[in-house]
Amino acid sequence: MGLACSREVFTSIFYTGAVTKKCCGELMELGKVCHDAFVKKTHEDPLYKDLSESTIAKKSIKTWDTCASVINISPSSSASGVISPAENPDSIIKENNCKTKMELPCAREVFTSIFKTGAVTKNCCGELKVLGKVCDDAFVNKTLEDLIYKNLSESAIAKKSTKTWNICASVIDVSPSSSA
């Protein structure tokens, strides 16, 4: 992503502004995982630390979803589903130490919310926050690789995953890019 487009996206999330179609295209090429990491890293900067996480989360999601619709990609997902296929979920899970961040009962609750039907308790939303969006996306993508779930619609699962994350974000006041 070029510097000019990075500034446009940054401004639309941390200040006020629109993102051009050209920059939306660059954002979609960058991917959701990198977008979320960019927002998280920027929000950690002392200059932006005082901004409301829920406001930044909403603006980040709005920017992503607007760009996805302009470029005609399913909202709140990367171009090909939950995370880019070039990103191996096993390595993301290992690199981010994802397996140690959520207890099994909450993992089941979140899984059920995404792959079946169910709600996530506030307690498990808190554990989802600790897990972080990068790990959550990697686990969803890893599950979609399993033969049992191979026939599920990736875009439908991506929407349910994002919906679960956003509901928890509103309950716990966490950015969609949190990777704890």
Side-chain angles (χ1 to χ4, degrees), residues 1-87 92 95-96 98 101 110 113-114 120 122 125-141 154-155 157-180:
M1 182 176 229
L3 182 59
C5 287
S6 294
R7 284 186 184 142
E8 268 187 34
V9 171
F10 168 83
T11 301
S12 76
I13 297 168
F14 289 91
Y15 296 99
T16 303
V19 181
T20 61
K21 185 173 182 175
K22 174 191 179 294
C23 291
C24 279
E26 288 190 27
L27 179 61
M28 293 301 106
E29 283 183 38
L30 180 69
K32 184 78 166 106
V33 171
C34 290
H35 169 72
D36 289 346
F38 164 79
V39 173
K40 179 183 185 289
K41 193 69 175 165
T42 303
H43 193 250
E44 289 172 353
D45 186 295
L47 291 171
Y48 305 101
K49 198 73 175 153
D50 291 337
L51 298 176
S52 161
E53 278 192 67
S54 63
T55 300
I56 297 304
K58 289 173 189 165
K59 289 176 84 174
S60 172
I61 291 165
K62 181 180 179 198
T63 298
W64 180 268
D65 287 352
T66 299
C67 281
S69 66
V70 165
I71 304 300
N72 200 21
I73 295 173
S74 107
S76 295
S77 68
S78 66
S80 61
V82 180
I83 60 176
S84 167
E87 300 174 48
I92 292 171
E95 288 167 14
N96 291 284
C98 299
K101 294 182 179 179
V110 170
S113 172
I114 296 169
V120 180
K122 186 172 183 175
C125 279
E127 287 197 30
L128 185 59
K129 173 188 177 182
V130 172
L131 178 70
K133 184 75 172 127
V134 170
C135 288
D136 180 47
D137 286 348
F139 280 130
V140 169
N141 208 43
E154 281 190 36
S155 63
I157 296 300
K159 287 177 186 172
K160 286 182 79 175
S161 176
T162 299
K163 181 181 178 186
T164 298
W165 179 267
N166 291 344
I167 288 169
C168 283
S170 68
V171 168
I172 302 296
D173 190 31
V174 57
S175 164
S177 59
S178 178
S179 61

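By convention here, the first residue in the shown sequence is residue 1.
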* Report the residues that fulfil side chain to side chain donor-acceptor pair (under 3.5 Å) with Ser12, sequence neighbours left out, ordered by chain and then residue number. => Thr63
* Only counting residues at least two apart or in another chain, list the ones meeting salt bridge (Lys or Arg N to Asp or Glu O under 4.0 Å) with Lys62. => none
* **Audit row: Phe14, Lys59, side chain to side chain contact (heavy atoms under 4.5 Å, CB included) steps and yes/no** => CA-CA 8 Å; Phe14 289 91; Lys59 289 176 84 174; over 6 Å; no
* By side chain to side chain contact (heavy atoms under 4.5 Å, CB included), which residues pair with Glu127, not counting sequence neighbours? -> Met102, Glu103, Cys106, Asn123
* Asked: Using 4.0 Å as the upper bound for N to carboxylate O, is an ion pair formed by Lys41 and Asp45?
  -> no
* To do: Please assess Phe139 against Leu131 for the test side chain to side chain contact (heavy atoms under 4.5 Å, CB included), listing each intermediate value before the final yes or no.
  => CA-CA 10 Å; Phe139 280 130; Leu131 178 70; 3.7 Å; yes
* Asked: Judged by atom type as modelled, is there a donor-acceptor pair below 3.5 Å linking the side chain of Ser161 to the main-chain atoms of Ile157?
  -> no
* **For Thr164 against Ser113, the heavy-atom pair lying closest together** => OG1-OG, 2.7 Å
* Ser60 (side chain) donor-acceptor with Ile56 (main chain) under 3.5 angstrom -> no
* To do: Determine, step by step, whether Val9 and His35 satisfy the side chain to side chain contact (heavy atoms under 4.5 Å, CB included) criterion, reporting the C-alpha distance in whole Å, the side-chain angles of both residues, the deciding distance to 0.1 Å, and the verdict.
  => CA-CA 9 Å; Val9 171; His35 169 72; 4.2 Å; yes
* Asked: Closest heavy-atom contact between Asp136 and Trp165?
  -> OD2-CE3, 4.0 Å
* Asked: Which atoms form the tightest heavy-atom contact between Cys23 and Met1, and what is the distance?
  -> O-CE, 4.0 Å
* Decide yes or no on disulfide (SG to SG under 2.5 Å) for Cys67 and Cys24, but give the supporting numbers first. => CA-CA 5 Å; Cys67 281; Cys24 279; 2.1 Å; yes
* Asked: Given Ile61 and Asn166, is the side chain to side chain contact (heavy atoms under 4.5 Å, CB included) satisfied, shown in steps?
  -> CA-CA 9 Å; Ile61 291 165; Asn166 291 344; 2.9 Å; yes
